[in-house]
Structure formats: structure tokens, C-alpha cells
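Comments concern the structure below.
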Amino acid sequence: NTEQLNIILSELNSINQDEKIYWNKYNSFEKEVSLSEKQAIYDESKFQNLQSKVKQYSQSSVFTDLFQITFSTRYATINSCRMQLPVSNTDELNAGWGNIVFLTCILAKKFGFQSNKYRLEPNGSYSKIIDSSGEHFLSYSEMSRTLPEFNKAMTMYLEYFDEFIRYLNDIGVVKKFGENKGINIYDISFTVKKDTINDKSIIFDNSKGQEWCQCMKYLLAELKMIVTMALMDEDDYKRKNKTKTKKKKSSKSSKYNKIK
């Protein structure tokens, strides 16, 4: 009887230990889920804030007419091209990157930016980024041998993009935008670092499809904000020209009156 009792007590002790381990794992998992949900809510709030600001300040322009960007769904789109992983259509993905490169080139030229390391070359679905080592295509193929090159090209693009944002800060465009619109630009902007935006990697990996989609949403959200800055810059230019025209007309009128 004593031996049986010891066996039962040993089994109970083992069950208690297993139960303790289970609840520790469960509580840890529940904590991770809670943190993930909070992060998702925060990201969504940031997107909504950015979306409302962009909508508020946008107007008809070559930028908004040629480049339609959305990022409120599970994935971002540019001109209806879905930037999603897993890839459902490689042609659609490559066309999307072609649009991104084209828009970036237009914005860079608009603000007088030139990278110290890279040069973008828009060419539709076969757009590329060029450095001292040669050309790197921003296009995806289902052939596995091309994936490392695609990841390298996207990482290089993010380095170019980070340099562009720093340039906009240096010349005062970002600060001016925030002051004119009465907003804190850092509340609606994201951090670019190496191959990540807000810690979401641009490295193409089917096992991390959601992370890649989130990174592309961040990228297109930032591009859309720079488009809004460009629109504001256009408005300032138009106002200055309008003021100059009025002054010229006023000057001509004064001269005419003197002659009379």
C-alpha cells in the first residue's frame, strides 16, 4: 500500500509539474498575442491618421493623376498592382515595382535629389537600381536563383530611399510641411533602417509574407506623404508666381497712368 501511495503521489507531482509548465507557456503565449494585437492596433491607427492627412491635403496633380496608391487593405497597391506575398501574379508585382521606381525618380528630380551610391532606372516591369558593381533588377521571377538578386536590389532601393528622406529633412522640406499643415511629421512617419521599415523586413520570404506586405505598406505610405509634400511645394510656387504677376500688372498700370 505504501508503495502504491508513493507511485500515486509521484504521478500527481508529475501532473502538477506538467500543469505548471502548461500554464506558464499559455500565459507567455497570451502575452505575445496581446502585444501583437496592440501593435496591430497602433499600426492601423497610424495608417488611418496618415490616410486622413493625405486625403485632406491632396488635390489634382500629375502625381495623384498618374499614381494611385492605397494601403488600407491587407496589402498596399500602386496603380492597382498588389504588392503581396505569397505572389499571385509575378507580372503584377514587377509592374508595381516599376511604378514605385518611376514615382521615386519623379519625386527625386522634383526636389533635386541625387544619391551618392545609387541610380534608379525606370523601365516598367524591368526597372533596376545601379551601383558601382553594376545593374540590379527590381523584378521577381519564380526561378529560385533570381531571388537573392531581387532581395539585394530591394535592400539597395531602401538604402536609396533612406538617403532621399534624409535629404528632404536636410533641405527643410519635412519641417516646412509639418509647420504648414500644423502636424508633427514624426507621428505619421516610419523609420527606415538597412533592409527594414519600422522593423519590418523587405527581404522576400514566403514564410514571412505578412511582414513583407507590412513593409511595402509602410514604403508606399511614405511615398504618398512625399507626394503630398511635392503638392504643397507646387502650391507655394503657384502662389509666388501669382503674386509676381499681380505686382507686374500693378507696375504697368502705374506707368500707363504717368504717361497719361
Full working for side chain to side chain contact (heavy atoms under 4.5 Å, CB included) between L107 and M229: CA-CA 10 Å; L107 289 169; M229 293 177 190; over 6 Å; no
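- No hydrogens or angles considered: a donor-acceptor pair under 3.5 Å links the side chains of Q84 and S88.
- Pairing each heavy atom of E163 with each of Q114, the nearest pair is OE2-O, 4.2 Å.
- For the residue pair C81 and N99, the shortest heavy atom distance occurs at SG-ND2, 4.1 Å.
- In the hydrophobic cluster analysis, where Ile, Leu, Val, Met, Phe, Trp and Tyr join through side-chain heavy atoms closer than 4.5 angstrom, Y75 is grouped apart from F67.
- Distance check, rounded to the nearest 0.5 Å: CG of N89 to CG of N94 gives 9.0 Å.
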Side chain to side chain contact (heavy atoms under 4.5 Å, CB included) between K117 and Y160, worked out: CA-CA 8 Å; K117 288 177 64 178; Y160 174 99; over 6 Å; no
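- Taking both residues in full, the closest heavy atoms of L120 and P122 are given as O-CD, 3.8 Å, listed atom of the first, atom of the second, then distance.
- Remark: R82 engages E92 in a salt bridge, criterion side-chain N to carboxylate O under 4.0 Å.
- Ring geometry for F150 against Y140 counts as tilted: the plane angle lies between 30° and 60°, on a 0 to 90° scale.
- Under the 4.5 Å side-chain heavy-atom criterion for ILVMFWY residues, no single connected hydrophobic cluster contains both F137 and I130.
- Here the straight-line distance linking atom CG of N198 with atom CG of L219 works out to 12.0 Å at 0.5 Å rounding.
- No donor-acceptor pair closer than 3.5 Å links the side chain of Q68 to the backbone N or O of N79.
- Distance OG/S201 to NZ/K194: 12.0 Å, rounded to 0.5 Å.
- For the pair Y218/V192, no side-chain contact is recorded, criterion being any heavy-atom separation below 4.5 Å from C-beta on.
- Atoms NZ and CD1, from K176 and I171 in turn, are 9.5 Å apart once rounded to the nearest 0.5 Å.
- Of the N and O atoms on the side chains of S115 and Y167, not one donor lies less than 3.5 Å from an acceptor on the other residue.
- A heavy-atom distance below 4.5 Å is found between the side chains of L103 and V227.
- Two different hydrophobic clusters hold I203 and M154 under the rule that ILVMFWY side chains link at heavy-atom gaps under 4.5 Å.
- Shortest non-hydrogen contact noted between M156 and D131 is CE-OD2, 3.4 Å.
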Derivation of the side chain to side chain donor-acceptor pair (under 3.5 Å) call for Y157 and T104: CA-CA 10 Å; Y157 172 86; T104 306; 2.7 Å; yes
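- A donor-acceptor contact closer than 3.5 angstrom is absent between the side chains of S125 and S139.
- Taking the six-membered ring for Trp and thresholds of 30 and 60 degrees, F164 and F161 have ring planes more than 60 degrees apart, a perpendicular arrangement.
- Within 6.0 Å of atom CZ in F102, 12 or fewer heavy atoms from other residues, nucleotides or ligands are found, so the atom counts as exposed in its surroundings.
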Verdict with reasoning, Q214 to K200, per side chain to side chain contact (heavy atoms under 4.5 Å, CB included): CA-CA 7 Å; Q214 192 76 0; K200 302 297 182 185; 4.0 Å; yes
Residues T77, I69; criterion side chain to side chain contact (heavy atoms under 4.5 Å, CB included); working and verdict: CA-CA 6 Å; T77 70; I69 295 173; over 6 Å; no
Test salt bridge (charged side-chain N to carboxylate O under 4.0 Å, His left out) applied to R166 and D162, step by step: CA-CA 6 Å; R166 291 176 187 277; D162 183 37; 3.2 Å; yes
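- Considering all non-hydrogen atoms of both residues, F204 and N151 come closest at N-OD1, 2.6 Å.
- The cluster map of Ile, Leu, Val, Met, Phe, Trp and Tyr, joined by side-chain heavy atoms under 4.5 Å apart, puts Y126 and W97 in different clusters.
- One finds the CZ atom of F190 at 10.5 Å from the SG atom of C215 (value rounded to the nearest 0.5 Å).
- Two residues are said to be in side-chain contact when any heavy atoms from C-beta on lie closer than 4.5 Å; I78 and I100 meet this criterion.
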Worked check of salt bridge (charged side-chain N to carboxylate O under 4.0 Å, His left out) between K224 and E222: CA-CA 5 Å; K224 195 161 187 177; E222 285 288 291; over 6 Å; no
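- Counting heavy atoms from C-beta on, the side chains of W212 and D205 never come closer than 4.5 Å.
- Pairing each heavy atom of S133 with each of K152, the nearest pair is OG-NZ, 4.5 Å.
- Counting heavy atoms from C-beta outward, E121 and K128 have side chains that approach closer than 4.5 Å.
- I197 places none of its side-chain heavy atoms less than 4.5 Å from the side chain of I202.
- Rounded to the nearest 0.5 angstrom, L93 CG and M83 CE are separated by 4.5 Å.
- In N123, the CG atom is crowded: over 12 heavy atoms of neighbouring residues, nucleotides or ligands sit closer than 6.0 Å.
- The side-chain heavy atoms of L138 and V101, taken from C-beta on, include a pair separated by under 4.5 Å.
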